[in-house]
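Working notes for the structure below.
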Amino acid sequence: MLKKMIKILILILIVQSNSYGNNKEELIFYVGITMVKPIDLLAKEFEKEFNCRIKILQGGSQDLYNSIKSSKIGDLYLPGSLSYRTNNLDDGLLLDGQFVGFNKLSFIVKKGNPKNIKSSLDELTNEDLSVVLGNDQSGSVGLATKKLLKKFNLYEKAIMNATFLATDSRNLISAIKENKADLTLNWHATIFWDGNKEFAEAILLDENLSSKSKLVINLLKTSKNPLLAKKFMDFASSQRGRDVFKDFGFLNENELKDFDKVTF
């Protein structure tokens with residue numbers, strides 16, 4: 001985790017050094033890996049409209065927050081779970097928030113599901129399967145996995161059965177693609193990433209098992225451009241933003257209808 005945080009801090013320094021002499025307003029945006037695709041697309045559109053630059057720093061949600069806390073640099077933060085907001089509000093770094101969608105857990109298996117894995121959490125304790133789970137110390141998917149499996153008294157048994165623990169959602173999907181795992185419990189949206197559907201597929205869990213997590217963009221107290229940052233937050237939750245998050249698997253039709261009713 002320390003190495004990851006150091007890497008992120010180095011990237012921050014590079015971003016800062018590249019900003020000197022640049023007349024455009026700039027936002028530094030910390031984004032959990034799973035949400036990078038929709039944010040990158042929206043950022044490009046926003047940059048054109050407001051003649052600005054948005055620098056995206058991606059990583060595990062906990063690693064990103066640790067970097068924000070250490071560097072005191074940045075404008076926006078989008079972790080993979082609301083818990084990173086609620087658990088850290090007392091630090092005073094996270095100000096206004098804007099809901100943009102949901103992260104949902106799904107089984108991710110090899111294309112065609114050759115092991116005939118069923119939509120049951122008990123599969124995570126099947127000793128005949130190579131199971132890879134997320135590490136709760138580094139990323140939102142690991143934290144959500146722990147919370148869900150603890151609820152059904154399966155966490156310790158599933159961890160003991162795991163081949164290894166992955167730091168984040170990207171490494172979980174890589175475990176399937178590289179034939180290191182038969183089964184992972186990962187964020188559903190990862191199946192929408194370019195190239196993943198060729199190698200992997202999702203097995204939907206029942207609604208009471210999906211451990212749906214609200215996604216909230218946070219304005220950082222350290223922001224040098226808070227007005228521009230708030231404009232991006234509004235854009236991300238606009239109809240265009242909602243459509244993009246839906247395209248990447250973070251909203252469905254029913255959730256779109258109730259979007260404005262979501263509180264956090």
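Index from 1, following the sequence.
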Main chain of Val216, side chain of Asn218: is a donor-acceptor contact present, judged purely on distance under 3.5 Å? yes

For Lys157, does the NZ atom sit with more than 12 other heavy atoms under 6.0 Å from it, leaving out its own atoms? no

Of all the heavy-atom pairs spanning Glu123 and Val131, show the shortest one and how long it is. O-CG2, 4.1 Å

Would Tyr65 and Asp91 count as having a side-chain donor-acceptor pair, cut-off 3.5 Å? yes

Under the side chain to side chain donor-acceptor pair (under 3.5 Å) test against Trp187, which residue among Ser169, Ser140, Ser213 passes? Ser140

Kindly work out whether a path of hydrophobic side-chain contacts (I/L/V/M/F/W/Y, heavy atoms less than 4.5 Å apart) joins Tyr77 to Leu89. yes

Ring-plane angle category for Phe235 and Phe46, please: parallel below 30°, perpendicular beyond 60°, tilted otherwise. tilted

Tell me if a side-chain donor or acceptor on Asn161 pairs with a main-chain N or O of Leu124 at a distance below 3.5 Å. yes

Ignoring hydrogens and geometry, is there a side-chain-to-backbone donor-acceptor pair from Arg242 to Ser237 under 3.5 Å? yes

For Lys177, does the NZ atom have more than 12 heavy-atom neighbours from other residues, nucleotides or ligands under 6.0 Å away? yes

Counting neighbours of NZ on Lys180 that are heavy atoms of other residues, nucleotides or ligands and sit closer than 6.0 Å, is the number greater than 12? no

Between Glu201 and Lys110, what is the shortest heavy-atom contact and its length? CG-O, 3.8 Å

When every non-hydrogen atom of Val244 is compared with those of Leu42, the smallest separation belongs to CG2-CD2, 3.7 Å

Do Asp234 and Lys230 sit within salt-bridge range, that is, some charged N less than 4.0 Å from a carboxylate O? no

Nearest heavy-atom approach of Ser83 to Leu143 is OG-CD2, 3.4 Å

Minimal heavy-atom distance between Ser119 and Leu205, with the atoms involved, is OG-CA, 3.6 Å

